[in-house]
Amino acid sequence: MEPLKWWQKTAVYQIYPRSFQDTTGSGEGDIQGITQHLDYLAKLGVGAVWLTPIYPSPMVDNGYDISDYTSIDGRYGTIEDMDTLIAEGKKRNIRVVMDLVYNHTSDQHAWFRESKASRTNAKADWYIWRDAKEDGSAPTNWRSIFGGPAWTWCEERQQYYLHTFAKEQPDLNWENPDVRQALYDAANFWIAKGVGGFRIDAIVYIKKPAVFTDGPVDGADGLSSIHKMIANTPGILDFLHEFRRKVFDGHDIFTVAEANGVTPADLPHWVGQDGAFSMLFEFSHVNLEFPEGEIWCRTYDWPLTKLKRALTDSQKATAENGWYPIFFENHDQIRSVSRYFPAGTDRKKAAKAMATVLFTLRGTPFVYEGEELGLANTAFPSLDDYNDISTHGQYQIALDEGYLPAEALRIVQAHSRDNARTPMQWSTAPQAGFTDGTPWLPVHGDYADWCVETEEKDPDSVLRYYRQLEKLRFQSDASPILLAGRYDELLAEDEEIYAFKRTLDGQATITLVNFTNKNVDYTAYLTQGAAVLLGNYDDPQPGRLRPAEAVVYRIGGESC
Ligand code: NOJ
């Protein structure tokens with residue numbers, strides 16, 4: 001195996017800048033707020049921070065609707081603030097990773113404004129334009145990912161344009177080489193600034209089918225999921241490999257692409273030595289309750305084996321080829337303590353249990369802001385309190401499917417992306433020390449108990465446990481095993497315990513996690529003669545795990 005690269009030997013911390021730290025009293029986080037907390041991040045031991053988009057944006061989708069790829073939105077600061085952040089980060093061995101949103105722009109981007117003005121302008125085919133059907137209706141029956149039709153009529157051109165997401169996020173036409181070059185130029189601009197890599201948004205949608213056809217209706221709105229119709233269209237790899245050649249090759253950076261549904265057979269073209277990216281975010285382990293896609297009112301109970309299989313499949317898929325970005329939370333997901341454990345489970349234990357898995361699987365751990373504190377879901381009292389565009393779309397879908405307004409509200413409360421977007425909880429001061437003004441999204445009501453200030457003082461806090469895990473993974477005798485060791489699942493059919501072994505050169509670690517809220521026994525021979533490296537209870541007992549207990553053992557020699 002090749003020596004590991006810097007980004008394989010560190011954790012990445014994801015920052016949602018609007019919710020991280022406000023330094024101006026505007027109620028919205030900013031770049032200087034991030035710079036201010038670099039020492040906190042260094043103490044957590046992370047080697048990179050991924051910032052969700054901070055480019056100029058009308059904020060219809062909180063920055064994922066970009067109107068200029070090479071500058072900074074005034075609400076976050078200036079390009080000089082970015083230069084400072086990058087430089088200060090480097091001093092602490094923390095690289096800054098930018099988000100590239102290249103499937104679509106904002107409808108306020110100069111490119112789209114020009115494109116929509118006529119059918120003959122220089123950017124006329126920079127987006128996906130189509131004539132109406134004979135009866136004037138949209139070219140196909142596709143539903144956008146946020147709900148509602150994926151086509152919007154444009155008066156000026158007398159044509160429809162396609163948008164995989166909101167109507168304010170028109171899809172770019174990647175078939176046009178000028179479009180691709182303009183996107184590559186923008187990414188190279190940030191490489192020249194010294195960024196450490198990129199997270200690449202929604203990349204599976206960039207290639208559209210040659211012929212557009214209606215899909216099977218799969219909702220009460222009479223529409224068909226666009227994801228099923230356009231994701232991973234054959235030919236996409238040609239674009240991705242050109243992207244790699246023209247932007248990523250030759251730089252000491254990493255790339256992690258948001259890519260759902262890449263088949264194991266295709267994986268070597270996507271990641272690894274010959275792949276387009278360093279890593280792929282894949283979602284089967286977070287979409288457990290949505291087997292039919294992301295319609296939030298159709299949820300299903302999931303057995304633990306489903307989570308375990310998803311994780312094991314990803315570990316196996318990247319064992320020889322590529323590398324896995326381990327994550328349980330991001331700005332699109334609910335909080336993991338609210339997802340993976342039964343109601344009533346001790347939250348501190350649950351947060352530490354998830355962290356134990358995060359830091360002992362093979363891959364690069366991605367920690368989402370507040371996850372290191374054990375932050376949990378919230379529930380705003382009314383739909384109007386929700387900012388997230390998809391929450392509003394899903395509320396409408398629930399009503400279309402026949403739910404009453406109160407039920408629809410409960411559904412979106414449980415699944416809204418705003419659950420993870422409430423402001424970072426720094427201190428017991430008003431607004432959790434996030435802002436002196438009025439926060440753009442309410443601060444979670446539990447901040448006095450669950451914030452950095454309180455957790456710094458508590459030797460048993462989730463934050464302190466994260467720091468222990470970071471040391472175990474990156475700076476201990478067990479680090480080589482945890483970094484590079486082979487992954488094997490144990491007790492694969494067990495519905496209560498997730499157990500896996502990491503093995504390297506006759507040495508191994510075993511991670512055991514009880515995903516229930518009761519005592520669970522297991523065959524004690526598994527950990528016979530093993531030494532405890534870390535756990536979320538004192539004195540782990542061989543053969544028994546207490547509610548939400550997580551333990552990492554070390555075994556060596558013959559027991560391996
Ligand atoms: C994925 C991003 O993570 C999400 O926040 C965004 O809404 C969509 N892509 C559209 O860009």
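Counting convention: from 1, in listed order, for ligands and their atoms alike. Heavy-atom basis, side chains included; hydrogens, waters and symmetry copies ignored.
For the side chain to side chain donor-acceptor pair (under 3.5 Å) test, residues two or more places apart in sequence or in another chain that qualify with Asp171 are Asn103, Thr164, Lys208. With sequence neighbours left out, the side chain to side chain contact (heavy atoms under 4.5 Å, CB included) criterion links Thr318 to Leu267, Tyr324.
Every pair passing salt bridge (Lys or Arg N to Asp or Glu O under 4.0 Å) that includes a residue from residues 96-114 is listed here, sequence neighbours excluded: Asp99-Arg199, Glu114-Lys123.
The distance from the CG atom of Leu162 to the OG1 atom of Thr140 is 7.0 Å, given to the nearest 0.5 Å.
Closer than 4.0 angstrom to ligand 1 by heavy atom are Asp61, Tyr64, His104, Phe146, Phe165, Arg199, Asp201, Glu258, His331, Asp332, Arg417, Arg421, sorted by chain and number.
Between the side chains of Gln14 and His331, at least one donor N or O sits under 3.5 Å from an acceptor N or O. For the residue pair Ser57 / Asp65, a side-chain donor-acceptor distance below 3.5 Å is found, with atom types taken as modelled.
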